Amino acid sequence: SSAASDVYKRQRSRGGRARAGAAADRGDCLYWANAQLAYFCGVGGGCARRARRTRAGGAAALARALANGDRDFAGVGVVEDLAGSLAVLERVLPTYFAGIRAAYDAQATHSRANGATPPDDLDDAAAATVEPFLRHVLKWEYALYDRLRRKFADQKRACGLAEPPRARAH
């Protein structure tokens, strides 16, 4: 059973609603919830202080994170297409990343990040409860991810890079 599923079950067994505020201590799997939102939001305008105190996002933090992502990052990538992310960085910032894709290809292991099918270790019933829970708890993180993923896809197209094969559904 996954850590997120365990947190969800623990909250339900206490009779309460599972929520981001329940993840207050560092040992909890949701302590780092909204970590990417906090990173892209930055340290100004109360972003870091709010993120540390509440571990929750918000519309203002999302707007700032998106503006920072558009203005301050020459390239973005996603872990599920790590090879493509490295190829974009190699093309967008060749002075820093020349040869990184070849180095990655030479040393990469077969994992989820480079196309291997993930194990089916989460049963359908658990998946049906975990995903809505995570989408609720990580609402702002998902919004940021969706936007950055679109930016990444646009960068790949602009660089003339082919889309990776889709992972097969299990």
Side-chain angles (χ1 to χ4, degrees), residues 2-4 20 29-52 54-122 127-128 130-170:
S2 72
C29 71
L30 294 176
Y31 175 78
W32 295 107
N34 293 310
Q36 291 302 306
L37 182 65
Y39 176 80
F40 279 93
C41 188
V43 296
C47 283
R49 183 177 63 253
R50 275 195 303 274
R52 265 196 322 271
T54 66
R55 302 308 307 162
L62 176 62
R64 185 179 180 106
L66 292 172
N68 289 346
D70 289 341
R71 183 187 65 239
D72 299 333
F73 292 84
V76 295
V78 293
V79 174
E80 60 267 25
D81 186 5
L82 186 55
S85 299
L86 296 174
V88 167
L89 289 173
E90 192 171 41
R91 295 212 180 164
V92 173
L93 298 167
T95 302
Y96 296 103
F97 293 103
I100 195 167
R101 177 68 194 272
Y104 170 77
D105 287 344
Q107 296 188 18
T109 60
H110 296 287
S111 69
R112 292 180 199 189
N114 51 30
T117 303
D120 191 13
D121 59 356
L122 186 64
V130 171
E131 184 175 351
F133 167 71
L134 290 175
R135 287 199 175 272
H136 171 73
V137 171
L138 303 174
K139 172 183 174 181
W140 305 109
E141 190 87 354
Y142 271 98
L144 175 66
Y145 170 79
D146 290 342
R147 172 78 172 277
L148 293 178
R149 181 153 203 214
R150 284 192 303 274
K151 180 177 179 176
F152 168 66
D154 291 345
Q155 287 181 318
K156 277 186 76 172
R157 277 191 293 282
C159 290
L161 300 168
E163 285 296 313
R166 295 274 180 207
R168 84 173 194 234
H170 58 281

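When a residue number appears, it is its place in the shown sequence, counting from 1. For clarity, every value in this text was computed on a predicted model and none was experimentally measured.
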Requested in this report: Applying side chain to side chain contact (heavy atoms under 4.5 Å, CB included), run through Tyr142 and Leu134 and close with a yes or a no.
Outcome: CA-CA 9 Å; Tyr142 271 98; Leu134 290 175; 4.3 Å; yes
Query raised in the report: Tell me the salt bridge (charged side-chain N to carboxylate O under 4.0 Å, His left out) pairs involving residues 97-106, sequence neighbours left out?
Result: Arg101-Asp105
**Report entry** Side chain to side chain, Gln36 and Leu148, heavy atoms closer than 4.5 Å
**Finding:** no
Requested in this report: Tell me, yes or no, whether the heavy-atom count around Lys151 atom NZ, taken from other residues, nucleotides or ligands under 6.0 Å, exceeds 12.
Outcome: yes
Query raised in the report: More than 12 heavy atoms of other residues, nucleotides or ligands under 6.0 Å from OH of Tyr39: is that the case?
Result: no
**Report entry** Spacing of Leu37 atom CG and Trp140 atom CH2 [to the nearest 0.5 Å]
**Finding:** 9.0 Å
Report task. Measure the shortest side-chain to side-chain distance between Asn68 and Arg71 over non-hydrogen atoms and say whether it is less than 4.5 angstrom. Result -> yes
Report task. Taking all non-hydrogen atoms of both residues into account, name the closest pair between Leu161 and Ala87 and its distance. Result -> CD1-CB, 3.8 Å
Query - Worked verdict on Asp146 versus Arg149 for salt bridge (Lys or Arg N to Asp or Glu O under 4.0 Å) - result: CA-CA 5 Å; Asp146 290 342; Arg149 181 153 203 214; over 6 Å; no
Requested in this report: Could you pull out all residues at least two apart from Ala106 that satisfy side-chain contact (heavy atoms from CB on, under 4.5 Å)?
Outcome: none
Query - Arg147: side-chain hydrogen bond (donor to acceptor under 3.5 Å, both in side chains) partners, not counting sequence neighbours - result: Asp70
Requested in this report: Please report the closest heavy-atom contact between Glu90 and Ile100, naming both atoms and the distance.
Outcome: OE2-N, 3.3 Å
Query raised in the report: Is there a side-chain contact between Val78 and Tyr145, using heavy atoms and a 4.5 Å cut-off?
Result: yes
Query - Distance-minimising heavy-atom pair for Ala65 and Cys41 - result: CB-N, 3.6 Å
Query raised in the report: Does any non-hydrogen side-chain atom of Phe152 lie less than 4.5 Å from one of Asp81?
Result: yes
Query - Over all atoms of both residues, closest heavy-atom pair of Val92 and Cys159 - result: CG2-SG, 4.1 Å
Query - Inter-residue atom distance Gln155.CD - Leu89.CG, 0.5 Å rounding - result: 8.0 Å
